[in-house]
Protein chains: 2
Amino acid sequence: MSEPHRLSGTVVWLLGRAAQRAHVLARDRLTAAGIGKWHYAVLATLTEHGQQSQADIGRRLGLDRSDVVAVLNDLQGDGYVTREPDPADRRRNIVTISDVGRTALAGFDLLVAEADGLLMDELSADDRACLKALLERIAHV
Amino acid sequence: MSEPHRLSGTVVWLLGRAAQRAHVLARDRLTAAGIGKWHYAVLATLTEHGQQSQADIGRRLGLDRSDVVAVLNDLQGDGYVTREPDPADRRRNIVTISDVGRTALAGFDLLVAEADGLLMDELSADDRACLKALLERIAHV
DNA sequence: CGCCAACGTTGGCGACACCAACAATAGCGT
DNA sequence: ACGCTATTGTTGGTGTCGCCAACGTTGGCG
């Protein structure tokens, strides 16, 4: 029998608090670097899965098509990505990460890794691996 | 050496995804019951820590004073809580949960527990306890 | 008594997620 | 070949949510 009315005992609540802390930790560093979290996510998926269309990016990240447009506008303005129409399917835009974007992403990775470290300040290496493994099993969208 | 550009490898990202899933899981059920997540949180803290002022509630939950007002307006309208001026400090309002609110909270607890269960669908009891323990250590606001 | 701090309340602002519509294009069945 | 439907990129709008500013009221303190 679960003790009644223990708010801090529910995982949904703990997840929310932890995620909020993680979010500000990462966002502070990324905004200081001039980008948002979605900009980072798009750059990361572009290196993970190679060039792809805007709709693919949105589907993979769970981001709306219209929001993908805004993010790519910024990334293109910074020279991080290039947009060229797909000759095989002229509806699509092939989005490719540039060399500038790749080196920039390397720096962003350090910032996110730093946020990860600060978030799990008081956790051992084993605990961190365990937490990551557990999260991967429940993060399935 | 961390493999480069692995978005899914960062804990901040995994936490965000997991928290989003947990959020919709809990919110769907709570909104179906006619309340929001903050309403549930306020009711829970009122039973956990007894009657308290609005400012105390806000500080404990990390919620802005102005938002506490709106939540309490709803809860008071539903008869879940009562607001009476503190005779000892006439700036404060003593917020007390009513019997109706207590029974309602019992029902909400079931909904949140259900969300917890669905969230950790494929996790054993040991895994759930481990995850909860780890989250408690990094959820520190 | 005078100054500062805290409380509850109102209003607003910016970020963000989501949805609707549209033109252009592709695919597909007949 | 043609019509119908689906997809893509894009624009614009809308609702929600967290956060902040201001104000009147009240308490505490020098």
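Basis for what follows: all heavy atoms, side chains included, without hydrogens, waters or symmetry-related copies. Residue numbers begin at 1 in each chain, while the letters A, B, ... track the order of the sequences.
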Quick check: on DNA chain C, is the nucleotide nearest A:Ala88 upstream (toward 5') of the one nearest B:Arg83, or the reverse? Name the residue that is more 5'. B:Arg83
First and last nt of DNA chain D near chain A, cut-off under 4.0 Å to heavy atoms, 5' to 3', are D:dA6 to D:dG12
Residues which pass side-chain hydrogen bond (donor to acceptor under 3.5 Å, both in side chains) with A:Arg91, listed by chain and number, not counting sequence neighbours: A:Asp89
Counterpart residues, side-chain contact (heavy atoms from CB on, under 4.5 Å), relative to B:Ser66 (two or more places apart): B:Asp64
At a heavy-atom distance below 4.0 Å, what parts of residues 22-30 of chain A sit against DNA chain C? none
Suppose we screen for side-chain hydrogen bond (donor to acceptor under 3.5 Å, both in side chains). Which residues come up paired with A:Thr31, at least two apart in sequence or across chains? none
Across all strands, who's sitting opposite D:dG30 as a Watson-Crick or G-U wobble pair, both distances under 3.5 Å? C:dC1
Salt bridge (Lys or Arg N to Asp or Glu O under 4.0 Å) partners for A:Asp56, two or more places apart: A:Arg59
Between the main-chain N or O of A:Thr82 and the side-chain N or O of A:Glu84, is there a donor-acceptor pair closer than 3.5 Å? no
Of all of residues 31-38 of chain A, which get a heavy atom below 4.0 angstrom from DNA chain C, listed by number? A:Lys37, A:Trp38
Got a donor-acceptor contact below 3.5 angstrom from the A:Arg21 side chain to the A:Arg17 backbone? no
Would you say B:Val42 and B:Leu72 make side-chain contact, with heavy atoms under 4.5 Å? yes
Quick check: do B:Leu46 and B:Gln51 have side-chain heavy atoms less than 4.5 Å from each other? no
Please tabulate, for the side chains in residues 114-123 of chain A, all donor-acceptor contacts under 3.5 angstrom to protein atoms that are two or more places apart in sequence or on a different chain.
unit_1   : atom_1 : unit_2  : atom_2 : d
A:Asp116 : OD1    : B:Val11 : N      : 3.4
A:Asp116 : OD1    : B:Val12 : N      : 3.1
A:Asp116 : OD2    : B:Val11 : N      : 2.8

Side chains of B:Asp109 and B:Tyr40: is there a donor and an acceptor less than 3.5 Å apart? yes
Return the set of residues passing side-chain hydrogen bond (donor to acceptor under 3.5 Å, both in side chains) with B:Ser124 (not counting sequence neighbours), or none when no residue passes. B:Asp127
For A:Asp28, give me all partners under side-chain hydrogen bond (donor to acceptor under 3.5 Å, both in side chains), at least two apart in sequence or on another chain. none
Among pairs that include at least one residue of residues 13-39 of chain B, which meet ring pair (Phe, Tyr, Trp, His ring centres under 6.0 Å), considering only residues two or more places apart or in two chains? A:Trp13-B:Trp38, A:Trp38-B:Trp13
With sugar-phosphate taken as primed atoms, P, OP1 and OP2 and all else as base, the protein-contact string of nucleotides 18-25 of chain C at under 4.0 Å (heavy atoms; B, S, -) is BB-B---B
